[in-house]
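This report concerns only the one structure given below.
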Amino acid sequence: ENGRVQYSIESGDGKEFQIDRDSGLISVRLALDHETRDTHTLIVAAKDSGSPMQKSSIATVHINITDVNEFEPKFPEPYYLWSVNENQRVGTFVSVAHANDQDKGEYGIVTYSIVPSDDDTDTPLVINPTTGEVTTGAVFYYNRTQSIWFQVKAEDKGGKSSVIKV
C-alpha cells in the first residue's frame, strides 16, 4: 500500500485535460485548436499512500499542440470582374486577387496562380504568386480581344486550394 501512487492535476489548464488517478495518464477532455491556443501547462502532483508519512512530488507538464491544415483559402467574392484599357504597356497593374486562410503559420500562407481557360489559350496576364497582384503580360487591343475568362487559384502550403472565376 505504501508504494501506491495517485496523480492529480493541481493547477493549469485542467478543464481541457484529465489525468487517470492511478496510472498518471493525461488525456484530452475537450477539443483543442492550435489556432486558438498552441501550448498548455499543467501542474501535476503525485502522492503515495505512505504510512505514517505520505510523500509527494510536483511536476510541470508543457503540452504543445501540433498544427494541422484545417482550412482552405477562401476568396471573399464569388467572382472578379476586372478591366484593362487597350494599348497599355506590358506590366501594367490590373488588380489584386486575395484569399483568406484561417490557418495560422505555414498552413495559412497562400500562393496564387492563373489557371488556363478551357480552350487552352494562354492568358495574357501575369500574377505574382506571393502578393496576388495581377499585371498585363501583353498589350491588349480592343479590336482583337474584348474579353477573356480565366480562373485564379489560391493554394496554401498544405495543398488545399480554391479558385475564382475572373
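Because only heavy atoms are used, hydrogens play no part in the values below, and waters and symmetry mates are left out as well, while side chains stay in.
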Can you list the steps and then say if V94 with Y80 is a side chain to side chain contact (heavy atoms under 4.5 Å, CB included)? CA-CA 12 Å; V94 176; Y80 287 135; over 6 Å; no
Please determine which of L125, N85, V90 meets the side-chain contact (heavy atoms from CB on, under 4.5 Å) test together with F140. L125
Could you give the distance from [atom1] ([X]) to [atom2] ([Y]), rounded to the nearest 0.5 Å?
{"X": "Q54", "Y": "Q6", "atom1": "CD", "atom2": "CD", "answer": "8.5 Å"}
{"X": "F93", "Y": "Q88", "atom1": "CZ", "atom2": "CD", "answer": "13.0 Å"}
{"X": "L42", "Y": "H40", "atom1": "CG", "atom2": "NE2", "answer": "9.0 Å"}
{"X": "E72", "Y": "S161", "atom1": "CD", "atom2": "OG", "answer": "8.5 Å"}
{"X": "Y107", "Y": "K157", "atom1": "OH", "atom2": "NZ", "answer": "12.0 Å"}

Should [X] and [Y] count as side-chain neighbours, where that means a heavy-atom distance under 4.5 Å?
{"X": "H34", "Y": "E70", "result": "no"}
{"X": "Y141", "Y": "N87", "result": "yes"}
{"X": "V166", "Y": "W149", "result": "no"}

Just by distance, do the side chain of [X] and the backbone of [Y] share a donor-acceptor pair under 3.5 Å?
{"X": "S8", "Y": "E10", "result": "no"}
{"X": "E16", "Y": "L30", "result": "no"}
{"X": "K55", "Y": "D48", "result": "no"}
{"X": "T111", "Y": "P129", "result": "no"}
{"X": "Q146", "Y": "Y142", "result": "yes"}

Smallest separation among heavy atoms of [X] and [Y], with atom names:
{"X": "I164", "Y": "E77", "value": "CD1-O, 3.3 Å"}
{"X": "V5", "Y": "A46", "value": "CG1-CB, 3.9 Å"}
{"X": "P73", "Y": "A99", "value": "CB-CB, 3.9 Å"}
{"X": "K165", "Y": "Q151", "value": "CA-CG, 4.1 Å"}
{"X": "A154", "Y": "V110", "value": "CB-CG1, 3.7 Å"}

Intermediate values then yes/no, side chain to side chain contact (heavy atoms under 4.5 Å, CB included), D20 and Y7: CA-CA 7 Å; D20 183 280; Y7 301 89; over 6 Å; no
More than 12 heavy atoms of other groups within 6.0 Å of K160 NZ: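 Counting neighbours around NZ of K160, more than 12 heavy atoms of other residues, nucleotides or ligands fall under 6.0 Å, so yes.
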Once the angle between the rings of H98 and Y112 is folded into 0 to 90°, is it parallel (under 30°), tilted (30 to 60°) or perpendicular (over 60°)? tilted
Aromatic rings F150 and W82: how do their planes relate, parallel, tilted or perpendicular, breaks at 30° and 60°?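 Aromatic pair F150/W82 classed tilted.
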Go through the steps for I19 and L25 under the test side chain to side chain contact (heavy atoms under 4.5 Å, CB included), then give the verdict. CA-CA 6 Å; I19 192 165; L25 178 70; over 6 Å; no
Transitive ILVMFWY side-chain link [X] to [Y], under 4.5 Å:
{"X": "V134", "Y": "F75", "result": "yes"}
{"X": "L32", "Y": "I26", "result": "yes"}
{"X": "I148", "Y": "I127", "result": "yes"}

My understanding is that only residues two or more places apart in sequence, or in another chain, count here; which of them pass side chain to side chain contact (heavy atoms under 4.5 Å, CB included) with F71?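 For F71, the residues satisfying side chain to side chain contact (heavy atoms under 4.5 Å, CB included) (neighbours in sequence not counted) are D101, Q102, D103.
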Side chain to side chain contact (heavy atoms under 4.5 Å, CB included) for R4 and D22? Distances and angles first, verdict last. CA-CA 8 Å; R4 185 168 162 251; D22 297 319; 3.8 Å; yes
Side-chain atoms of residues 56-69: list all donor-acceptor pairs with protein atoms under 3.5 Å, sequence neighbours left out, distances to 0.1 Å.
| residue | atom | partner | partner atom | Å |
| --- | --- | --- | --- | --- |
| H62 | ND1 | T41 | OG1 | 3.4 |
| N69 | ND2 | D156 | OD1 | 3.1 |
| N69 | ND2 | D156 | OD2 | 3.3 |

